[in-house]
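Notes follow once the structure below has been shown.
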Amino acid sequence: MRPGRLIALVALAAVLLAAGCGSGDGTVDRRFLLIGLDGAEWSVVEPLIEQGRLPNIAALMESGVSCKLRSLEPKQKSPVIWTTIGTGKMPAKHSISDYVDPTSKQLLTSNVRTARMFWDILGEHGFTVTVIGWLVSWPAEPVNGTMVTDYFRYRPREDRRTDGLTYPDELVEEVSPLRVLSENIPDEEIEGFYDLSNAMTGEEAQRLDVDRMFVEMRAINELEGHISQLRDHYAGDATFMAVARHLMQRRPTDVSVVYLRGTDSMSHRFWPASFPEEVQVDVPETETRVFGETMERYYEHADVMVGELIEEFGDDATVMLCSDHGFEGPRPGRRRGGINDHGPIGVFVLKGDGVRSGVTIAEHSVRDITPTILALFGLPVGDDMDGEVMRDAFADDFLRAHPVQVIATYEPAEEPGVIR
Ligand SMILES: [Zn+2]
């Protein structure tokens, strides 16, 4: 071979390597970690970052891109939004409209879904995947790897179905010892989230006028209930963290997807104590004294979990962090609780090879996540998806090497008489 040609070939190989090309079929070899933090809200995250209290999320933002992530409108419940996140499709196409079917009152389950999840598509292209805790993932579906479904975290009971908790089925025996039950969490592990010693005493309450006294006395009685709920939310995330660590160590895959619910649950319960001036509800003083910092401290805990997942998975990986919606708390003129407390804008952060670094990009939608994941892997977007690739997240040379492509659909052709 003439030296000139050899140099040209070496140069081409260098270009291909720099672009992160995969095994010749146009796909991009990368390891990818998606962390879902339910209900994570920028107006909570940003001040905590300024105070240096979320170092892992801050580092992700510095080395990657971040943006406001618009949730579905009108507001939808979390399973609906997470299914849109995982399919790139609106609820009319994916058929998950709630936790339960509005007419039959039956639990909506993974087999009701009428659109494929991004991890199915990645699996089909040879990438191995791990999926942990994702809403409406029960019963577990076959994947090119392992799945531990959302219902895995609950204590096994005789009146509760225990099949389909994991894929493969027998994985359940391996991971069940990792399930964290709330009664097994020692006080020391959670008491840093609240300040019980600040609680108003009965004596103090009795010095208030009668109306206030009743409000505070009731709040004092409710403290234990709040703490037991906190313990339960904490146990849920602890369970999926333990499973994630275990699977990353024992059954490493190219892709890992971990859903954590605690940020949303803690916000529902403790937002009023964090922002007593802003909410429409009357917040007892004892609640603000004990739980005034609980939600922020849980965000710090979430940041620690994010750091642990990244470290365990490998910090050279591509990492995406997102929430399904933001949070506003009970607002004047609105009913309290459930999706009424949710905010319209969630959190999105992405860092990795081919992704720009240290920039805030334009607002995007929860619908755009699956198309963007496919683009990260050099795979085409389905024309029947409702979202778009977040092009401004990518470095120009990556998009030049891997232009966004479109195929009609990833859905299987309809077979008459067969319901998926
Ligand atoms: Zn919620």
Side-chain angles (χ1 to χ4, degrees), residues 34-45 48 68-86 91 94 96-100 102 107-108 132-138 149-151 153-154 182 193 225-226 228-240 257-275 278-281 283 287 291 294-299 301-303 305-306 321-348 365-367 369:
L34 171 62
I35 305 170
L37 291 182
D38 201 306
E41 158 68 35
W42 277 124
S43 71
V44 180
V45 168
L48 290 174
K68 294 178 175 173
L69 190 66
R70 185 159 289 277
S71 191
L72 294 179
E73 285 161 345
K75 286 183 184 181
Q76 301 290 334
K77 293 183 186 165
S78 288
V80 184
I81 311 168
W82 284 106
T83 309
T84 289
I85 288 175
H94 67 55
I96 301 298
S97 56
D98 203 330
Y99 285 96
V100 292
L107 211 54
L108 284 177
I132 300 168
W134 196 272
L135 290 185
V136 209
S137 57
W138 184 86
T149 61
D150 44 348
Y151 293 145
R153 66 149 297 208
Y154 301 110
S182 48
F193 290 113
H226 283 305
S228 115
Q229 287 297 316
L230 185 156
R231 195 183 289 274
D232 181 58
H233 303 324
Y234 178 90
D237 284 353
T239 294
F240 289 128
V257 177
V258 184
Y259 165 86
L260 299 169
R261 190 172 193 173
T263 35
D264 184 68
S265 314
M266 298 292 180
S267 301
H268 279 294
R269 190 155 287 271
F270 300 112
W271 186 280
S274 282
F275 304 107
E278 289 174 31
V279 295
Q280 61 153 3
V281 289
V283 187
E287 217 178 283
F291 300 113
T294 302
M295 192 183 69
E296 285 87 347
R297 288 178 195 167
Y298 202 81
Y299 268 73
H301 177 61
D303 185 79
M305 294 191 284
V306 166
L321 181 76
C322 73
S323 62
D324 53 338
H325 54 75
F327 217 88
E328 292 180 335
R331 291 279 147 147
R334 264 210 327 244
R335 279 178 44 211
R336 183 179 178 177
I339 61 174
N340 298 308
D341 295 353
H342 292 170
I345 304 288
V347 164
F348 179 85
S365 159
V366 288
R367 295 174 306 210
I369 289 185

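Everything numeric in this text was worked out from a predicted model, so none of it was measured. Whatever order the structure lists them in is the order used to number ligands and atoms, beginning at 1. Any value given below was found using the heavy atoms of this structure, including those in side chains, with hydrogens, waters and symmetry copies removed. FYI, the numbering just counts along the sequence from 1.
Here the side chain of Ser71 pairs no donor or acceptor atom with the backbone of Pro344 at under 3.5 angstrom. No donor-acceptor pair under 3.5 Å is formed between the side chain of Thr149 and the backbone N or O of Ser137.
Checking His325 against the Zn ion (ligand 1), every N/O/S atom stays at or beyond the 2.8 Å cut-off. Using a cut-off of 2.8 Å, one finds that Asp341 contributes no N/O/S atom close to the Zn ion (ligand 1).
A donor atom on one side chain and an acceptor atom on the other are found under 3.5 Å apart for Asp264 and His268.
To the nearest 0.5 angstrom, Tyr298 atom OH is 11.0 Å from Phe270 atom CZ.
Rounding to the nearest 10°, we obtain 100° for the angle at the Zn ion (ligand 1) between His342 NE2 and His268 NE2.
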